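Report on the structure given below.
Because the structure is predicted, anything quoted here is derived from the model rather than measured.
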Amino acid sequence: MIRDDVQRLVVEALTAAQQAGEIPLFAPPEIQVEHPARAEHGDYSANLPLRIQGLARMKALEVAEALRRHVPSHPAVAEVRVAPPGFLNFYLDATWLASQVTAIVAEGAAYAGSSSGAGQRLQIEYVSANPTGPVHVGNGRGAAIGSTLARVLRAAGYEVEEEYYVNDAGTQVAVFARTLYARYQQLFGRTVEIPENGYPGEYMVQIAEQIRERHADRFLRPVGEEASPELGELGIQLMVDQIRDDLELLRVQYDRWFSERSLQTEGGPYSEVMRILEERGHIVRREGAVWFASSQLGESKDNVLIRSDGVPTYFASDVAYHYDKFVLRGFDRVIDIWGADHQGHVSRVKAAVTAVGGDGDHLDVLLYQLVTLKRGTEVVPLSKRAGEIVTLRDVVSEVGADAARFFFLSPSAGSTMDFDLELATRQSDENPVYYVQYAHARISSILSRAASEELSSEGAETSLLTHDAEQALLRKLLLLPEVVEQVVSSLETHHLPAYAQSLAQSFHVFYTQCRVITDDVPLTKARLALLEATRTVLARTLELMSISAPEQM
RNA sequence: GCCCCCGUAGCUCAGUGGACAGAGCAAUGGACUUCUAAUCCAUCGGUCGGAGGUUCGAAUCCUCCCGGGGGCGCCA
């Protein structure tokens, strides 16, 4: 991408200036090239002179002047200027800029891809909500972030596997099974209370009904006896099916659903990690429990792996699960996306990964702040145990997958977000996703009209694209590869909706100021080429977020 | 008490070492006989929570304080 070229020019200029004896010899720091905030400062800016003024024992402006004299010529760069207090500013060539539309259209759906992750296998795990209830709005945020990140990382060349970790073991599942059996018995007229800390939600009744429909009274046992384990398993399976369906409504699909219970088979990952930890001296026994001696590894405390009642903790499963990811399946990188309430879990999992033979530094845990659901100013409780359960399905069916995804992706993961149902269901121009999609529909409309008039961009003379609005749009088109790279390196997906909005804005301004189809055939051709490039980039941006790009609205 | 995240325009949020702090929405005033007005243009709006410090340069880094959220050895 062009920014890398500019960076290279700066490096070459420094080397040449040093060889010419105009700047003393020293190893240069990292070269930073950025977009100046103000257009008058050019398209790209290097702060190198300011950063090396001390090393060079020269004034920054003198350094900048020396560098400027040695910047090699480049077809994309029209001019290089020195600006106080010591910036080196690069101005793109208008004709070169316009010529990029051809390159963009040629790349098509592959535009802004790269090979920076080529050859690396990456696993990304997200949502992984307990299968004891439907996924809620907060899970939706993790789902949108995770699935988008997976797409972007694939675009950057990583071999990505998306996974959902099904917590089908442990106490919550047992409580789920007891609740289900109570509901099931109720369907047959028995007066049975659901367990005290069970799951009161209506969905449990529906699952019980599904089971009754398929299996009639097969799971009914004499009064007072416990349910057959099979009933609980069946219930979990039905719950997982529903979670899968709900997530698909948000256009989220996994490569694999990984069962927690599968870790605990004889000689499986769970017993394997316990053996490894024991061998390496990371186990202590105290107060009847088995602990991971993480305080020896710099953690603030030890953590329980097996409770005094003999039941392994969630943490123990997680260690086994990450052992499976890193050691057994050999992923080069692993990304976990968790709600911020799991924050305390991060460092101990990393420590454990390293302790069982992986590398905790190859694990990135992305935390997103929880979502506050609102109706206007009123806060709606999300808890699975509260009376009103607002599921992800409810929200998606109200506002649509496009708007839901755009909403979830817009704020940075570290910011808490309010999801206002009232605002999101209002399908008005306040909703930014329509603004972006409308740009795509407008472009499609013009292109189809051009096609019907047998006009095309073939043989377009792109150098005619000199209007300010055209040039601004062109600059925006060139930005997507940088945005993608930023998402890859920061794992922050919120840059995508922001970019989509600013790209749409540049297009709408262009649309207002420049008529595409006119009697001026050469200009019409050039502008059709620009439209094709814009549609390519806009569609690509939306596709990375799994948001649809409508032909008409 | 300790740890993590957040605090930026009326609201929702970008910007996390660069040049005079931005966007959307809201508010106010304009623009359609023209390829989609779900659009565009203009105006209004900020002691960047507070105080010190580091730096050529701080919303950004460091220290302390205030406010909101989350977490802290046998829940997940």
Side-chain angles (χ1 to χ4, degrees), chain A residues 32 34 36-38 40-41 45-47 49-51 53-54 59-60 83-87 89 128-130 132 167 170-173 286-292 294-295 299-318 339-348 367-370 372 407 410-418 420 423 427-439 441-450 453 455 490 494-495 497-498 501-502 504-505 507-518 524 527-528 531 552-553:
Chain A
Q32 298 170 341
E34 58 185 17
R38 306 173 66 81
E40 68 204 62
H41 292 139
S45 170
N47 62 4
L50 289 156
R51 290 166 58 83
Q53 57 184 325
K59 288 180 179 169
F87 290 102
N89 293 333
S128 300
N130 275 345
T132 52
N167 298 107
T171 52
Q172 297 302 312
V173 172
R286 191 194 320 144
E287 299 158 34
V290 177
W291 302 68
F292 174 46
S294 36
S295 56
E299 290 295 292
S300 58
K301 56 180 188 292
D302 292 345
N303 294 100
V304 173
L305 290 163
I306 305 176
R307 307 190 316 213
S308 48
D309 62 5
V311 178
T313 61
Y314 162 87
F315 174 59
S317 284
D318 236 13
D341 53 338
H342 289 67
Q343 163 264 124
H345 195 57
V346 175
S347 69
R348 63 175 179 250
L367 299 175
Y368 61 91
Q369 294 293 322
L370 301 183
T372 306
F407 265 68
S410 290
S412 66
S415 297
T416 52
M417 75 172 281
D418 290 345
D420 186 343
L423 180 73
Q427 296 209 348
S428 69
D429 53 353
E430 290 164 42
N431 204 333
V433 69
Y434 294 117
Y435 181 83
V436 175
Q437 291 182 317
Y438 183 51
R442 267 185 156 177
I443 294 169
S444 302
S445 166
I446 300 171
L447 288 176
S448 70
R449 179 178 167 138
E453 294 178 20
L455 288 163
S490 66
H494 70 271
H495 302 297
Q501 225 168 330
S502 81
Q505 179 174 41
F507 164 73
H508 285 309
V509 171
F510 160 77
Y511 176 90
T512 306
Q513 296 190 12
C514 303
R515 193 182 165 80
V516 176
I517 298 171
T518 63
T524 297
R527 286 181 171 169
L528 285 173
L531 279 195
Q552 49 183 291
M553 289 173 72

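- Computed from coordinates, the A:Leu370 CG to B:G68 P distance equals 18 Å when rounded to whole Å.
- Nearest-nucleotide assignment on RNA chain B puts the 5′-proximal partner with A:Ser412, out of A:Pro312 and A:Ser412.
- Nearer the 5' end of RNA chain B, as judged by each residue's closest nucleotide, is the contact made by A:Asp418, out of A:Asp418 and A:Ala289.
- Rounding to whole angstrom units, CG of residue A:Asn303 and C1' of B:C74 are separated by 10 Å.
- As rounded to the nearest Å, B:A58 and B:G17 have C1' atoms that lie 7 Å from one another.
- The base of B:C75 does not come close enough to the side chain of A:Gln172 for any donor and acceptor atom to sit less than 3.5 Å apart.
- Among B:G73, B:C13, B:A38, the nucleotide with an atom closest to any side-chain atom of A:Tyr434 is B:A38.
- Picking from B:A19, B:G73, B:C4 the nucleotide with the shortest atom distance to the side chain of A:Ala37 gives B:A19.
- A:Arg348 forms a cation-pi arrangement with A:Phe315, by the criterion of a distance under 6.0 Å to the ring centre and an angle within 45° of the ring axis.
- With A:Ser308 contributing its side chain and A:Ala289 its backbone, the two residues share no donor-acceptor pair below 3.5 Å.
- Checking the phosphate oxygens (OP1, OP2) of B:A23, no side-chain nitrogen or oxygen of A:Gln501 falls inside 4.0 Å.
- With hydrogens and angles ignored, no donor-acceptor pair under 3.5 angstrom links the side chain of A:Asp341 to the base of B:G71.
- Judged by distance alone, the side chain of A:Arg527 and the main-chain N or O of A:Arg515 form a donor-acceptor pair under 3.5 Å.
- Interatomic distance, CG of A:Leu305 versus OH of A:Tyr314, reported as 14.0 Å (0.5 Å rounding).
- Within a 6.0 Å radius of CD in A:Gln513, other residues, nucleotides and ligands contribute more than 12 heavy atoms.
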Filtered N/O pairs between nucleotides 29-36 of chain B and protein, under 3.5 Å:
residue : atom : partner  : partner atom : Å
B:U34   : O2'  : A:Arg515 : NH1          : 2.4
B:U34   : O2'  : A:Arg515 : NH2          : 3.1
B:C35   : O4'  : A:Arg515 : NH2          : 3.2
B:C35   : O2   : A:Ile517 : N            : 3.1
B:C35   : N3   : A:Val516 : N            : 2.8
B:C35   : N4   : A:Tyr511 : O            : 3.2
B:C35   : N4   : A:Cys514 : O            : 2.8
B:U36   : OP1  : A:Ser445 : OG           : 2.4
B:U36   : OP2  : A:Ser445 : OG           : 3.4
B:U36   : O2'  : A:Tyr438 : OH           : 2.0
B:U36   : O2'  : A:Arg442 : NE           : 2.9
B:U36   : O4   : A:Met553 : N            : 3.1

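- Residue A:His342 is classed as a base contact, given a heavy-atom separation below 4.0 Å to a base.
- Checking side-chain atoms of A:Gln501 against main-chain N and O of A:Ala498 turns up no donor-acceptor pair under 3.5 Å.
- To the nearest 0.5 Å, atoms CG (A:Asn303) and CH2 (A:Trp291) are separated by 8.0 Å.
- Contact annotation: the side chain of A:Val433 never approaches that of A:Phe407 to less than 4.5 Å [non-hydrogen atoms, C-beta and beyond].
- In this structure, A:Pro411 reaches the sugar-phosphate backbone alone: every heavy-atom distance under 4.0 Å involves primed, P, OP1 or OP2 atoms, never a base.
- Among the heavy atoms of the strands lying under 4.0 Å from A:Gln505 are primed sugar atoms or P, OP1, OP2 only; no base atom is included.
- The separation of B:U16 from B:C61, taken at their P atoms, amounts to 10 Å, rounded to a whole angstrom.
- Within the 4.0 Å cut-off from OP1 or OP2 of B:G15, at least one side-chain nitrogen or oxygen of A:His494 is found.
- The nearest whole Å value for the distance from the CG atom in A:Asn167 to the P atom in B:A76 is 9 Å.
- With hydrogens and angles left out, the side chain of A:Gln513 and the base of B:C41 share no donor-acceptor pair within 3.5 Å.
- B:G52 and B:C44 have their P atoms separated by 31 Å, given to the nearest Å.
- The aromatic ring of A:His41 sits over the base of B:A19, with ring centres less than 5.5 Å apart and planes inclined by under 30°.
- A:Ser45 places no side-chain N or O within donor-acceptor distance of the main-chain N or O of A:Pro36, the cut-off being under 3.5 Å.
- A:Thr372 places no side-chain N or O within donor-acceptor distance of the main-chain N or O of A:Asp418, the cut-off being under 3.5 Å.
- Side-chain atoms of A:Glu40 lie closest to B:C20 of the nucleotides B:A19, B:A14, B:C20.
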Checklist entry - Dot-bracket for RNA chain B, 5' to 3', with Watson-Crick and G-U pairs under 3.5 Å, [ ] for crossing pairs and | for other-strand pairs: what is it? => result (((((((..((((....[...)))).(((((.......))))).....(((((..]....))))))))))))....
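- For the pair A:His508 NE2 and B:C40 C1', the interatomic distance rounds to 10 Å; values are reported in whole Å.
- Across all strands shown, A:Thr416 has heavy atoms under 4.0 Å from sugar-phosphate atoms exclusively, and none from any base.
- Comparing B:C25 with B:A19, their P atoms are spaced 26 Å from each other, to the whole Å.
- In this structure, the nucleotide among B:A14, B:C41, B:C4 sitting nearest to the side chain of A:Val509 is B:C41.
- Rounded to the nearest Å, the gap between the P atom of B:U12 and that of B:A26 is 15 Å.
- You can call A:Phe87 stacked on the base of B:A19; the centres are under 5.5 Å apart and the planes sit within 30°.
- Using a 4.0 Å heavy-atom criterion, one finds that A:Arg348 contacts the bases of the nucleic acid, with or without backbone contacts as well.
- The nearest whole Å value for the distance from the CD atom in A:Gln437 to the P atom in B:A37 is 17 Å.
- Within the nucleic acid shown, A:Glu453 has no heavy atom closer than 4.0 Å to any nucleic acid atom.
- Taking atom P on both nucleotides, B:C11 is separated from B:C3 by 31 Å, rounded to a whole Å.
- Between A:Arg307 and the phosphate of B:C75, there is a side-chain N or O to OP1/OP2 separation shorter than 4.0 Å.
- Between A:Ser490 and A:His495 there is a side-chain heavy-atom pair separated by less than 4.5 Å.
- Between A:Ser295 and B:G73 there is no side-chain polar atom (N or O) within less than 4.0 angstrom of OP1 or OP2.
- Comparing B:G45 with B:A23, their C1' atoms are spaced 14 Å from each other, to the whole Å.
- Nucleotides B:C6 and B:G49 place their C1' atoms 11 Å apart, quoted to the nearest Å.
- We find that CG of A:Leu50 is positioned 13 Å from P of B:A58, with the value rounded to whole Å.
- Using bins of under 30°, 30° to 60° and over 60° for the plane-to-plane angle, the ring pair A:His342/A:His345 lands in the perpendicular bin.
- Which of B:U39, B:G18, B:C3 sits closest to the side chain of A:Arg51 comes down to B:G18.
- A donor-acceptor pair under 3.5 Å is absent between the side-chain atoms of A:Ser445 and the main chain of A:Ala441, judged by distance alone.
- For the pair A:Glu34 CD and B:A21 P, the computed distance is 15 Å after rounding to whole Å.
- Atom-to-atom, CD of A:Gln369 to P of B:C4 comes out at 14 Å; the value is rounded to the nearest Å.
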